[in-house]
Amino acid sequence: MRWSQTFIPTLKEVPADAEIVSHQLLLRAGLVRKLTGGLYTFLPMGLRALTKVANIIREEMDRAGAIEVSMPLLQPVDIWQASGRYETMRDALYKVKDRAQKEWALCPTAEEVITTLAANELSSYKQLPKNFYQVGTKFRDEIRPRFGLMRAKEFVMKDAYSFDTTDEGAMASYRKMYDAYTRIFARCGLRSFAVEADTGVIGGNHSHEFMIPAETGENDVVYCEACNYAANVEKATSALPPTAARELGAVVEKFATPGVVTIEALTKDPYKVAANRQIKTLVYIADSQPVLVLLRGDDQLNEAKFMARTGAVAARPATAEEIVPLLGARPGSLGAVVNVPKGVRVLADERLRGANDMTTGANEDGFHFRNVSMERDIQVTDWFDLRTVSAGEPCPKCAKPLKIRRAIEVGHVFKLGTKYSEKLNATFLDEKGQRAPAVMGCYGIGVTRTLQAVIEQGNDKDGILWPVSVAPYQVCLTPLVVTPGSAPMELAEKLHSELTAAGLEVILDDRDERPGVKFKDSELVGFPLRVGIGEKSLAKGEVEFKPRGGALEAVKVEDIAPKVIAWVRGELAKLR
RNA sequence: CGGGACGUGGCUCAGCCUGGUAGAGCGCCUGGUUUGGGACCAGGAUGUCGCAGGUUCAAAUCCUGUCGUCCCGACCA
């Protein structure tokens with residue numbers, strides 16, 4: 001390919017819209033252009049890199065025994081109603097109406113479609129297991145599109161769905177995908193790691209997310225360097241002991257705390273109640289029902305855990321206007337000792353189990369209770385792990401201190417069980433002629449997000465540092481004189497056909513630009529290898545061999561082609 | 001949706017506070033000089049200052065509304 005023939009609109013300045021490096025480079029290197037928030041046009045270089053990622057995924061999915069299909073992007077809403085996700089996906093689901101005012105959904109993911117297919121086509125254990133995958137556009141009505149391709153309204157996803165006859169079979173399918181994912185990200189040149197994850201609205205009971213460590217990531221990951229425990233904060237636990245029991249005061253005692261509405265204020269004079277001796281009482285509205293949540297004063301509620309434990313579809317903190325008629329006091333004086341209306345669930349965090357000598361709100365503005373015992377004085381409906389883990393707490397597996405870091409989620413594997421197969425009738429007949437729902441798994445990779453993660457992880461002050469496996473072109477030939485018939489141009493053209501014939505992907509910068517411009521552009525776009533051909537070095541029978549991010553090397557003209565070929569193949573081999 | 005910031009040529013921004021009818025750099029076009037790290041000189045094109053109201057003799061500038069973008073939070077590949 002000739003540079004002048006393709007389209008690589010590079011930008012010298014950082015676009016005002018882009019905050020994080022990968023987003024800036026996506027724009028500056030001419031890989032994509034924004035149509036509007038969350039919607040991007042892929043330009044030739046971006047498309048090539050994206051296709052490379054997609055093809056690596058295809059190869060590994062195929063290797064793992066999955067089979068590629070392509071499902072409709074426009075889906076009937078009735079299957080969404082049948083699965084129950086028409087409700088749970090809610091606003092994230094794009095809906096469109098046709099001329100008859102009938103409603104359709106734009107595919108955000110395809111469990112419903114594939115399960116419908118399975119229901120119709122997979123009827124015998126002899127046909128299982130099967131794992132279907134596709135690579136294609138997905139739509140989500142994101143509340144806030146962000147960071148370029150990282151969180152877009154429309155994005156490319158690889159989604160796969162496995163159907164097994166047994167739970168063990170499903171676990172094996174899961175494991176295969178887990179291993180395939182590990183290979184996929186390694187081949188994309190990414191340092192990735194898997195973490196235990198919350199399953200969210202997709203459902204299921206076993207799940208890992210694949211993470212790329214990056215400060216700009218949207219996830220907090222808790223991990224242990226000693227034993228490899230790693231989990232999304234939404235899921236992470238720690239081995240902190242429950243609150244120590246103390247000698248219990250005689251009875252619950254009410255005391256005045258005028259103006260005290262925070263845990264912090266109660267720790268100060270004249271009260272001096274340590275935060276870890278307070279019970280924090282939160283009121284949430286979960287699926288329209290008020291729920292009290294009790295945590296230790298120094299703990300934070302983990303909303304993901306709250307959602308998971310309660311099975312709520314939607315939850316939010318209650319407003320003061322909702323709380324006052326419910327408990328008789330304003331936030332800051334709430335508690336669960338008295339005045340808890342019948343039927344209102346009281347959820348307590350495990351860390352409060354057995355706690356006594358605690359202080360909590362009296363459900364009366366300006367008053368608190370002391371000498372409170374969880375067991376004796378509070379009617380707890382359910383005990384759950386609801387707190388958010390912080391760095392330094394003991395690892396749940398080996399008790400060494402946990403760490404927390406930010407990361408980008410690029411893939412997610414779920415064991416779904418029979419949630420969808422039951423609702424959408426994806427059953428099969430087993431060896432004994434018994435009908436049973438298929439045991440499913442689903443597996444996603446954000447292809448566009450992975451592409452951006454590659455850039456986020458591989459860049460320097462000059463531009464992108466592509467791994468050869470993902471680079472839009474592997475080699476950039478840079479003749480410094482482009483006059484037809486000139487020695488540099490002739491050699492560049494000869495090398496172009498020679499390298500291309502050897503299966504390499506080569507771009508020839510035939511633009512009549514000054515050397516500085518061509519060098520800067522090739523580094524910005526990030527081609528892994530540049531071969532510089534100038535008249536001076538050519539006079540000595542040499543050309544320049546310059547790996548991106550590496551040192552420049554003078555190479556004899558007759559040696560350059562084999563050297564380039566060997567280099568590219570060598571780099572590629574490292575990523576297998 | 002809540003909180004914050006910002007909308008001025010293709011891009012990055014100044015001008016706004018203190019109203020007087022729009023500027024710079026980059027990019028683009030023409031000619032010339034250059035030619036190993038984002039060249040130089042000369043000339044040129046490109047703006048209903050996001051949009052709609054209002055105040056005023058006069059609005060990019062002040063006021064109101066609205067739309068859009070970006071950042072923080074809820075959502076997720």
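These values consider heavy atoms only, across backbone and side chains, with no hydrogens, waters or symmetry-generated copies. Chain identifiers are assigned alphabetically (A, B, ...) following the order of the sequence lines, protein sequences preceding nucleic acid strands; residue numbering begins at 1 within each chain.
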So what's B:C1 paired with, Watson-Crick or G-U wobble, going by both distances under 3.5 Å?
-> B:G73
B:A58 pairs with which nucleotide, Watson-Crick or G-U wobble, both distances below 3.5 Å?
-> none
What is the nucleic acid contact for A:V481, judged by heavy atoms within less than 4.0 Å: base, sugar-phosphate only, or nothing?
-> nothing
Residues A:R58 and A:D62 bridged, charged N to O under 4.0 Å = no
Expressed in whole Å, how much space separates the P atoms belonging to B:U46 and B:G10?
-> 12 Å
Looking across every strand, which nucleic acid part, if any, lies under 4.0 Å from A:N232 by heavy atom: base, sugar-phosphate, or nothing?
-> nothing
For the residue pair A:Y174 and A:Y443, does the interplanar ring angle fall in the parallel (under 30°), tilted (30 to 60°) or perpendicular (over 60°) class?
-> tilted
To the nearest angstrom, the CZ-P distance between A:R316 and B:G2 comes to 14 Å
Contacts of A:K280 meeting salt bridge (charged side-chain N to carboxylate O under 4.0 Å, His left out) (sequence neighbours excluded), chain-then-number -> none
Reckon A:K34 touches a base, only the sugar-phosphate, or nothing at all at heavy-atom distances under 4.0 Å?
-> sugar-phosphate
Any residue meeting salt bridge (charged side-chain N to carboxylate O under 4.0 Å, His left out) with A:R151, in chain and number order, not counting sequence neighbours = A:E142, A:E218
Please tabulate, one pair per line, all N/O donor-acceptor pairs under 3.5 Å involving side-chain atoms of residues 534-550 of chain A, not counting sequence neighbours.
unit_1 : atom_1 : unit_2 : atom_2 : d
A:S537 : OG     : A:E542 : O      : 3.4
A:K546 : NZ     : A:G550 : O      : 3.2
A:R548 : NE     : A:I464 : O      : 3.1
A:R548 : NE     : A:E523 : O      : 3.0
A:R548 : NH1    : A:D460 : OD2    : 3.0
A:R548 : NH2    : A:D460 : OD1    : 2.8
A:R548 : NH2    : A:G463 : O      : 3.4
A:R548 : NH2    : A:I464 : O      : 3.4
A:R548 : NH2    : A:E523 : O      : 3.2

Identify whether any heavy atom of A:A304 sits under 4.0 Å from a base atom; if not, whether one sits that close to sugar-phosphate; answer base, sugar-phosphate or nothing.
-> nothing
Mind checking who B:A42 pairs with, Watson-Crick or G-U wobble, both distances under 3.5 Å?
-> B:U30
Give every donor-acceptor pair under 3.5 Å between a side-chain atom in residues 4-11 of chain A and any protein atom, sequence neighbours left out.
unit_1 : atom_1 : unit_2 : atom_2 : d
A:S4   : OG     : A:D510 : OD1    : 3.1
A:S4   : OG     : A:D510 : OD2    : 2.6
A:T10  : OG1    : A:D521 : OD1    : 3.0

Between CD of A:E209 and C1' of B:C76 the distance, given in whole Å, is 9 Å
When the ring planes of A:H206 and A:H208 are compared, do they come out parallel, tilted or perpendicular, using 30° and 60° as the limits?
-> perpendicular
Look only at the side chain of A:E112 and the backbone of A:W80, and say whether a donor-acceptor pair between them is shorter than 3.5 Å.
-> no
Which one is paired to B:G53, where only Watson-Crick or G-U wobble pairs with both distances under 3.5 angstrom count?
-> B:C63
Those residues at least two apart in sequence (or on a different chain) that pass side chain to side chain contact (heavy atoms under 4.5 Å, CB included) with A:K494 are A:E498
Length of the line joining A:E142:CD and B:C1:P, which is rounded to integer Å = 16 Å
Atom pair distance, as rounded to whole Å: NZ in A:K153 and C1' in B:U69 | 11 Å
What is the distance from CG of A:L106 to P of B:A77, rounded to the nearest Å?
-> 17 Å
In chain order, what residues pass the side chain to side chain contact (heavy atoms under 4.5 Å, CB included) check against A:V77, with sequence neighbours excluded?
-> A:Q81, A:Y86, A:E103, A:A105
With both distances under 3.5 angstrom, what nucleotide forms a Watson-Crick or G-U wobble pair with B:A24?
-> B:U12
Gap in Å between the two P atoms, one belonging to B:G47 and one to B:A60, rounded = 16 Å
N/O-N/O pairs, protein side and nucleotides 29-31 of chain B side, under 3.5 Å:
none

Sequence-aligned protein contact record of nucleotides 35-47 of chain B, with B where the base is within under 4.0 Å of a protein heavy atom and S where only the sugar-phosphate is = SBBBB--------
Result block: side-chain N/O donor-acceptor pairs under 3.5 angstrom for residues 473-484 of chain A, not counting sequence neighbours:
unit_1 : atom_1 : unit_2 : atom_2 : d
A:Y473 : OH     : A:R48  : NH1    : 3.4
A:Q474 : OE1    : A:E505 : N      : 2.9

For RNA chain B, whose closest nucleotide is more 5', that of A:G38 or that of A:M307?
-> A:G38
Walk me through it: do A:E154 and A:T137 pass the test side chain to side chain donor-acceptor pair (under 3.5 Å)?
-> CA-CA 7 Å; A:E154 184 184 316; A:T137 303; 4.6 Å; no
Would you call the rings of A:F210 and A:F185 parallel, tilted or perpendicular if under 30° counts as parallel and over 60° as perpendicular?
-> tilted
List in chain and number order the residues that pass side chain to side chain contact (heavy atoms under 4.5 Å, CB included) with A:R183, two or more places apart in sequence or in another chain; answer none if no residue qualifies.
-> A:E60, A:R63
Under-4.0 Å side-chain N/O to phosphate OP1/OP2 contact, A:T36 with B:U69 | yes
For residues A:S469 and A:R187, report the shortest heavy-atom separation together with the two atoms involved.
-> OG-O, 2.6 Å
Write down the distance separating the P atoms in B:C49 and B:G44, rounded off to the nearest Å.
-> 24 Å
Give me, pair by pair, the N or O atoms of the protein and of nucleotides 71-73 of chain B that are less than 3.5 Å apart, along with how far apart they are.
unit_1 : atom_1 : unit_2 : atom_2 : d
B:C72  : OP2    : A:R144 : NH1    : 3.2
B:C72  : OP2    : A:R144 : NH2    : 2.7
B:C72  : OP2    : A:R146 : NH1    : 3.2
B:G73  : OP2    : A:R146 : NH1    : 3.1

Under 3.5 Å, which protein N or O atoms sit close to an N or O of nucleotides 23-25 of chain B? Give each pair with its distance.
unit_1 : atom_1 : unit_2 : atom_2 : d
B:G25  : N2     : A:E13  : OE2    : 2.8

How would you label the contact of A:P15 with the nucleic acid (heavy atoms, under 4.0 Å): base, sugar-phosphate, or nothing?
-> sugar-phosphate
Pick base, sugar-phosphate or nothing for A:A92, based on heavy-atom distances below 4.0 Å to the nucleic acid.
-> nothing
When you compare B:A59 with B:G20, how far apart are their C1' atoms, in angstrom units rounded to a whole number?
-> 10 Å
Pick the C1' atom in B:C70 and in B:C28, then give their distance to the nearest Å.
-> 28 Å
Do A:R140 and B:C75 have a side chain to base donor-acceptor pair shorter than 3.5 Å?
-> no
Of A:T448 and A:A315, whose closest RNA chain B nucleotide lies nearer the 5' terminus?
-> A:A315
Using the P atom in both, what is the distance from B:G38 to B:A45, to the nearest Å?
-> 30 Å
Now, which nucleotide makes the Watson-Crick or G-U wobble pair with B:C6, with each of the two distances under 3.5 Å?
-> B:G68
Could you tell me whether a side-chain N or O of A:R28 sits under 3.5 Å from a main-chain N or O of A:V14, the two making a donor and an acceptor?
-> no
To the nearest angstrom, how far is A:I8 atom CD1 from B:G27 atom P?
-> 18 Å
d(CG, A:D141; P, B:C1) in whole Å = 12 Å
Check the distance between B:A77's P and A:F139's CZ and give it to me in whole angstrom.
-> 17 Å
Is there a Watson-Crick or G-U wobble partner for B:G37 with both distances under 3.5 Å, and if so, which one is it?
-> none
